[in-house]
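Just follow the structure's listing: the first ligand is 1, and inside any ligand the first atom is 1.
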Amino acid sequence: DEMDVDTIWMDGEFVDWDEAQIHVLTHGLHYGTGVFEGARCYDTENGPAIFRWEEHLERLFQSAKPYEMEIDFTVEELTEATKALIRRQELPSCYIRPLAYYGYNSLGVSPKDCPTRVAIAVWPWGAYLGEEALENGIDVMVSSWRKHASSQIPTNAKTTGLYVNSMLAGEEARRNGYAEAIVLNKEGNVAEGPGENVFLVRDGEIYTPGLSESILDGITRDTVIELAEDLGYTVHDDVSISRGELNTADELFFTGSAAEVTPIRKVDNVVIGDGSRGPITGEIQQEFFDVVERKTDAYDEWFEYVE
Ligand SMILES: Cc1[nH+]cc(COP(=O)(O)O)c(CN[C@@H](CCC(=O)O)C(=O)O)c1O
């Protein structure tokens with residue numbers, strides 16, 4: 001296949017890419033009843049290593065809980081399967097997509113007698129929003145679609161069905177010539193991107209919406225908070241950010257396993273700062289990449305070496 005990957009792990013078996021099929025009456029396909037993760041394996045100075053794998057797997061199991069979904073594999077089994085999958089593909093770096101979902105038995109909203117199935121796929125994935133986005137930043141628009149409230153669907157459970165909201169917001173942005181959306185919550189404050197958390201810099205201090213703002217508790221968000229504090233910055237990680245604060249920000253950036261640290265240079269064509277990657281954004285981005293490429297020995301506990 002075009003992604004130069006030939007194997008997927010499904011329910012304990014390594015399956016050829018083209019045989020990795022499921023029944024069309026799979027519960028998760030009809031009702032969005034799946035939970036998933038997105039993690040990166042980096043080609044570090046000491047060989048391929050998965051970044052914060054423990055936290056990603058922990059979140060997968062946490063995400064399954066609201067749906068009473070029983071994942072029948074242990075953390076160790078899923079870790080061994082993932083490492084074996086990466087070794088088989090001989091990929092120095094890759095994106096890792098674990099997925100657990102209600103499978104095929106009967107339909108109806110209740111998944112009562114549907115099996116829980118688990119799959120893990122890996123593939124090469126470069127800069128999520130484009131290579132030059134990391135350096136030059138991107139233009140975003142504030143979506144007309146609001147984020148679902150955490151009282152309506154547990155926004156901290158990385159649920160497949162939630163991503164129709166992400167798709168609606170992201171496609172609206174791209175249809176209008178922007179690279180990505182920023183999504184407000186039902187209170188009209190900043191929540192996050194369709195697939196990213198949002199950070200704001202003002203007067204040398206860093207802000208990011210708190211977990212009660214209907215956002216995903218991002219692992220890269222957590223990483224960036226720790227790196228920024230270790231760099232000596234004050235980080236306010238439990239605030240509400242109003243829509244207007246996006247325009248008066250000195251700097252804005254997205255974080256995510258796929259997005260990594262992506263500067264935002266315009267919001268609805270309002271220039272942020274001087275319209276390029278902000279200086280503090282650049283410093284944090286550089287530190288992030290130094291850490292994930294293991295150009296520093298610090299934070300070694302964040303790495304699960306594949307070999
Ligand atoms: C809604 C949302 N918010 C925040 C984040 C950042 O979370 P974290 O990766 O733990 O720092 C992600 C990850 N989005 C994943 C899926 C992207 C996709 O296109 O699919 C990702 O970055 O892998 C989200 O989907």
### Query
Should the pair Arg52-Asp222 be classified as a salt bridge under the 4.0 Å nitrogen-to-oxygen rule?
yes
#### Entry: Heavy-atom side-chain proximity of Glu171 to Leu168 below 4.5 angstrom
no
### Query
Do Leu129 and Glu196 come within less than 4.5 Å of each other through their side chains, counting heavy atoms only?
yes
Should you measure from each heavy atom of [X], which atoms of ligand 1 turn up under 4.0 Å away?
{"X": "Arg97", "result": "16 (C), 18 (C), 20 (O)"}
{"X": "Ala258", "result": "21 (C), 22 (O), 23 (O)"}
{"X": "Ser257", "result": "8 (P), 9 (O), 11 (O), 22 (O), 23 (O)"}
{"X": "Gly218", "result": "7 (O), 8 (P), 10 (O), 11 (O)"}
{"X": "Glu192", "result": "1 (C), 2 (C), 3 (N), 4 (C)"}

### Task
Could you name the option among Phe36, Phe51, Tyr95 that has the heavy atom nearest to atom 23 (O) of ligand 1?
Tyr95
Test your reading of the structure: does [X] have an N or O sitting under 3.5 Å from an N or O of ligand 1?
{"X": "Thr255", "answer": "no"}
{"X": "His56", "answer": "no"}
{"X": "Trp125", "answer": "no"}
{"X": "Ser166", "answer": "no"}
{"X": "Gly195", "answer": "yes"}

### Task
For a side chain to side chain contact (heavy atoms under 4.5 Å, CB included) with Lys158, tell me which candidate from Leu216, Leu60, Val35 qualifies.
Leu216
[atom] - nearest protein heavy atom and its distance:
{"atom": "atom 1 (C) of ligand 1", "answer": "Pro194 O, 3.4 Å"}
{"atom": "atom 18 (C) of ligand 1", "answer": "Tyr128 OH, 3.5 Å"}
{"atom": "atom 13 (C) of ligand 1", "answer": "Lys158 NZ, 3.1 Å"}
{"atom": "atom 11 (O) of ligand 1", "answer": "Thr220 OG1, 2.6 Å"}
{"atom": "atom 25 (O) of ligand 1", "answer": "Tyr163 OH, 2.7 Å"}

Any idea which heavy atoms bring [X] and [Y] closest together, and the distance?
{"X": "Pro124", "Y": "Val5", "answer": "CD-CG2, 3.8 Å"}
{"X": "Val183", "Y": "Lys147", "answer": "CG1-N, 3.3 Å"}
{"X": "Thr155", "Y": "Leu162", "answer": "CA-CD1, 4.3 Å"}
{"X": "His56", "Y": "Phe51", "answer": "CD2-O, 3.6 Å"}
{"X": "Ile120", "Y": "Thr82", "answer": "CD1-OG1, 3.4 Å"}

When you look for heavy atoms under 4.0 Å from ligand 1, do you find them on the side chain of [X], its backbone, both, or neither?
{"X": "Glu37", "result": "neither"}
{"X": "Ile219", "result": "both"}
{"X": "Ala39", "result": "neither"}

### Cationic tip of Arg97 above Phe36 ring, under 6.0 Å, 45° of axis
no
### ligand 1 contact by Glu55, heavy-atom criterion under 4.0 angstrom
no
### Message
Looking only at the aromatic ring of each residue, does the gap between the centers of Trp53 and Tyr305 stay below 6.0 angstrom?
### Response
no
### Task
Could you give me the CA-CA distance, side-chain angles and deciding distance for Leu227 and Tyr299, then say whether side-chain contact (heavy atoms from CB on, under 4.5 Å) is met?
CA-CA 10 Å; Leu227 295 183; Tyr299 313 103; 3.4 Å; yes
